**Student:** 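Supplied in structure tokens, the structure appears directly below.
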Amino acid sequence: MHWSKLFIPTLRETPAEAEVVSHQLLLRAGYIRQLSAGIYSYLFLAQRSLLKIIRIVREEMDAIGAQEMLLPALHPAELWQESGRWEVMGDNMFRLRDRSGRELCLGMTHEEVMTDIARGELRSYKQLPQIWYQIQTKFRDEPRPKSGLLRVRQFLMKDSYSFDLDAAGLDASYEKHHRAYCRIFDRCGLRYITVEAHSGAMGGSQSHEFMVVSDAGEDFIVRCPGCGYAANREKAVSVARPPEAPDPEGELVPEEFHTPGRKTIREVAEFTGLPESSQIKSLVMVADGQPVLALLRGDHSLSETKFQSAVGAVEVRPAHPAEMREWFGADAGSLGPVGIKYMRILADAALRGRRNMICGANRDDYHLRHVTIGEDFQAEFCDLRQVEAGDACVHCGSPLEVLKTVEVGHIFKLGYKYSESMGLRVLTESGNEVPVIMGSYGIGIERILCAAIELFHDADGMALPVSIAPFELVVTPVNKADAAQWEAAQRIYEECRSLDIDVLLDDRDERPGVKFKDADLIGIPYRITVGKKLAGGIVELVERRSRTGEEVAVEEAARTARERIQSALAHGG
RNA sequence: CGGGGCGUGGCGCAGCCUGGUAGCGCACCUGCCUUGGGCGCAGGGGGUCGCAGGUUCAAAUCCUGCCGCCCCGACCA
């Protein structure tokens, strides 16, 4: 294609509203324009790139025998009421009414619709397994869209659903997806980490997320450099560092002492001269309307997700100050478990075996010392603690790292949730009716592009992997007014086309600097520069990412470029 | 939903405090010039100053309300 005919509205300056790199570059490079908060138009370059990503996704899904479909984005309310998610999804669901007042919603995901199709048609174990997928627009009314295309209200997702007769079948479908996802992200040139993920309140036995390390991300993962253990922080476990000071010995009894104005763990530590790890942190939570006291070591913090799982609640929140006063007779900063009755008390496992610790006395400005769990109060032990960088790996003892990441894919063993609530059953070989076991699997298409930009960019712009760049190669005549250069550039361009290279000819009447800057900005991986050396029969082949160039003979240029491109594609973008 | 910031030409901004002709850089158009990293010169086009009220002889500027966008938090298949 000829650049002068294309709509590639690059900007010299970064739009003020963009904060993360991928957002800035997508705007500057003319890939996208914003229509509204969390709603974007994908212009020519973005669409080319997304279509390449989609092609890769489609090829790999087809390769595991998945069948592509296209489901509606507009769903009747009744379908979601059946699964119970009409209420569960709350304000995150876009809802509307048709002309006769019937309630509808825009699909956030498609478990319900897929299950509806399946229950209408699947009757026998002989029809299983099935893997169905689509690449389609999803709508989620995010409370706070942000970071360009990373968190939006309308986005493309590849979602697939597996239907199996039994758990072993689900395992196989899950494994197929796991491998397909690895191939997809490899081919898209991403560096990613597969982590164990939280299964969510809806249950399910297993879940993995595919994460790309980036400061633009919103998820934290924990990884062990020693043995490769990796998990979402919501689920990750670790061995806590030992307390900084040993507990006092002996059968001591709780003793109240005055701590005027000392509210935080740190203030009490300074006041007593004992480390934070010698205190019990008391957090008052409300789980499905019921007060629950969560106890942690003073220097540890609560994982709300772990807490939620431990109490088995749907909705969890910290208590309001008025509630704390009502239940404990004191304000936050002086609360503790001693003497608390009629309230569930959960203690983090790191408190097991500790003796004679310090905690709030449930009297403003007073604390207790010499408090021992199991003697001075009773609690249920469970894992409540959020993993911190530097904690020891439970498998190999190495210090763990905590990384910020973007989630690009998620695979999930659903189990029987939808087949049971919506009545998807088949007959087995022996003739009895059983629910079908399901899995669901998602890939965020735009997030692949964003993650690639976050991973591969420099001060001049994107350095996209060849596999997903909007073009593979640009041919740039330095001086179009120079007839020899212009003719050679056109000839090379045509040769590239005949070699099936996805090539762009920069035929614009611009100074070379402008053309180089633009090509770098939009991230074309290779460039053939036709300039002065043409007089000696030489042009230059430059790689965007490494900024290295090689001189090649004019007649070899297209073929050499193809070799470089093929080799790059073979090595993961 | 709470907190903060911002809405002035396509982009980046100044002007607002102290009311009085809407400005700068980039981009864009025309011509000349230039051609290996966002050239130079000359000329030119484009803005109901987010919207609606109000105050005033006079509002981008002051007041009130609303809307939109961004960031932090809350929230979050």
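If you're wondering where the values come from, they're calculated on a predicted model, not measured in any experiment. Throughout, a chain's letter reflects where its sequence line sits, starting with A, and its residues are numbered from 1. What you see below is based on every heavy atom in this structure, not just the backbone, and it leaves out hydrogens, waters and symmetry mates.
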**Student:** May I have the distance from Glu142(A) (atom CD) to C76(B) (atom C1'), rounded to whole angstrom?
**Tutor:** 6 Å

**Student:** Tell me if the aromatic rings of Tyr40(A) and His23(A) count as close, with their centers under 6.0 Å from one another.
**Tutor:** yes

**Student:** Counting Watson-Crick and G-U wobble pairs only, both distances under 3.5 Å, name the nucleotide matched with G36(B), or none.
**Tutor:** none

**Student:** Now, which nucleotide makes the Watson-Crick or G-U wobble pair with G68(B), with each of the two distances under 3.5 Å?
**Tutor:** C6(B)

**Student:** Could you state the CZ-P distance from Phe155(A) to C76(B), rounded to the nearest angstrom?
**Tutor:** 17 Å

**Student:** With C1' as the reference atom in both, quote the distance from G46(B) to A22(B) in angstrom, rounded to an integer.
**Tutor:** 13 Å

**Student:** Is Arg140(A) near enough to A77(B) that one of its side-chain N or O atoms lies under 4.0 angstrom from OP1 or OP2?
**Tutor:** no

**Student:** Between G20(B) and A58(B), how many Å separate the two C1' atoms, rounded to a whole number?
**Tutor:** 7 Å

**Student:** With a 3.5 angstrom cut-off on both distances, give the Watson-Crick or G-U wobble partner of U61(B), or none if there isn't one.
**Tutor:** none

**Student:** Quick one: are the ring centres of His208(A) and Tyr181(A) less than 6.0 Å apart?
**Tutor:** no

**Student:** For the C1' atoms, the ones on A59(B) and on U18(B), what distance do you get once it is rounded to whole angstrom?
**Tutor:** 14 Å

**Student:** When the distance from CZ of Arg153(A) to P of A77(B) is rounded to whole Å, what number comes out?
**Tutor:** 18 Å

**Student:** U56(B) pairs with which nucleotide, Watson-Crick or G-U wobble, both distances below 3.5 Å?
**Tutor:** none

**Student:** When you check the phosphate oxygens OP1 and OP2 of G12(B), does a side-chain N or O of Thr14(A) lie under 4.0 Å from one of them?
**Tutor:** no

**Student:** Ignoring hydrogens and angles, answer whether the base of G12(B) and the side-chain atoms of Arg28(A) contain a donor-acceptor pair closer than 3.5 Å.
**Tutor:** no

**Student:** Ignoring hydrogens and geometry, is there a side-chain-to-backbone donor-acceptor pair from Arg119(A) to Met422(A) under 3.5 Å?
**Tutor:** yes

**Student:** Quickly work out the Glu13(A) CD to G9(B) P distance and round it to whole Å.
**Tutor:** 14 Å

**Student:** Got a donor-acceptor pair under 3.5 Å from the side chain of Arg527(A) to the base of G36(B)?
**Tutor:** no

**Student:** Using the C1' atom as the reference point in each nucleotide, state the distance between G9(B) and C29(B) in Å, no decimals.
**Tutor:** 15 Å

**Student:** Determine the interatomic distance between P on U34(B) and the same-named atom on G45(B); round to the nearest Å.
**Tutor:** 28 Å

**Student:** To the nearest Å, how far apart are Arg151(A) CZ and C75(B) P?
**Tutor:** 13 Å

**Student:** Could you walk me through whether Arg28(A) and Glu13(A) satisfy the salt bridge (Lys or Arg N to Asp or Glu O under 4.0 Å) test, starting with their C-alpha distance in whole Å, then the side-chain angles of each, then the deciding distance to 0.1 Å, before giving a yes or no?
**Tutor:** CA-CA 7 Å; Arg28(A) 273 197 65 204; Glu13(A) 284 170 294; over 6 Å; no

**Student:** Could you give the distance separating G47(B) and C24(B) at their P atoms, to the nearest angstrom?
**Tutor:** 15 Å

**Student:** Using residues 404-411 of chain A as the side-chain source, report each donor-acceptor pair under 3.5 Å to any protein atom, sequence neighbours left out, with the distance given to one decimal.
**Tutor:**
unit_1	atom_1	unit_2	atom_2	d
Lys404(A)	NZ	Asp215(A)	O	3.2
Thr405(A)	OG1	Asp219(A)	O	3.1
Glu407(A)	OE2	His410(A)	ND1	3.3
His410(A)	NE2	Ser207(A)	OG	2.6

**Student:** Can you give one letter per nucleotide of nucleotides 27-35 of chain B, going 5' to 3': B for a protein heavy atom under 4.0 Å from the base, S for sugar-phosphate only, - for none?
**Tutor:** S------BB

**Student:** Could you identify the nucleotide paired to G73(B), looking across every strand shown and requiring Watson-Crick or G-U wobble geometry with both distances under 3.5 Å?
**Tutor:** C1(B)

**Student:** Quickly work out the Glu17(A) CD to C6(B) C1' distance and round it to whole Å.
**Tutor:** 11 Å

**Student:** Is it the case that C75(B) (base atoms only) and Arg317(A) (side chain only) share a donor and an acceptor within less than 3.5 Å, ignoring hydrogens and angles?
**Tutor:** no

**Student:** Give, for atom CE of Met108(A) and atom CE of Met89(A), the distance between the pair rounded to the nearest 0.5 Å.
**Tutor:** 4.5 Å

**Student:** Are any of Lys146(A)'s side-chain N or O atoms less than 4.0 Å away from OP1 or OP2 of C72(B)?
**Tutor:** yes

**Student:** Do the ring centers of Phe7(A) and Phe44(A) come within less than 6.0 Å of each other?
**Tutor:** no

**Student:** Does any donor-acceptor pair link the side chain of Glu407(A) with the base of A77(B) at a separation under 3.5 Å?
**Tutor:** no

**Student:** In whole Å, measure the gap between the C1' atoms of U64(B) and U55(B) for me.
**Tutor:** 11 Å

**Student:** Do Glu111(A) and Lys417(A) meet the salt-bridge criterion of a basic N to acidic O distance under 4.0 Å?
**Tutor:** no

**Student:** Check the phosphate of C70(B) against Gln34(A), side-chain N and O only, distance under 4.0 Å to OP1 or OP2. Yes or no?
**Tutor:** yes

**Student:** If we take the P atom in both C1(B) and C62(B), what is their distance in whole Å?
**Tutor:** 28 Å

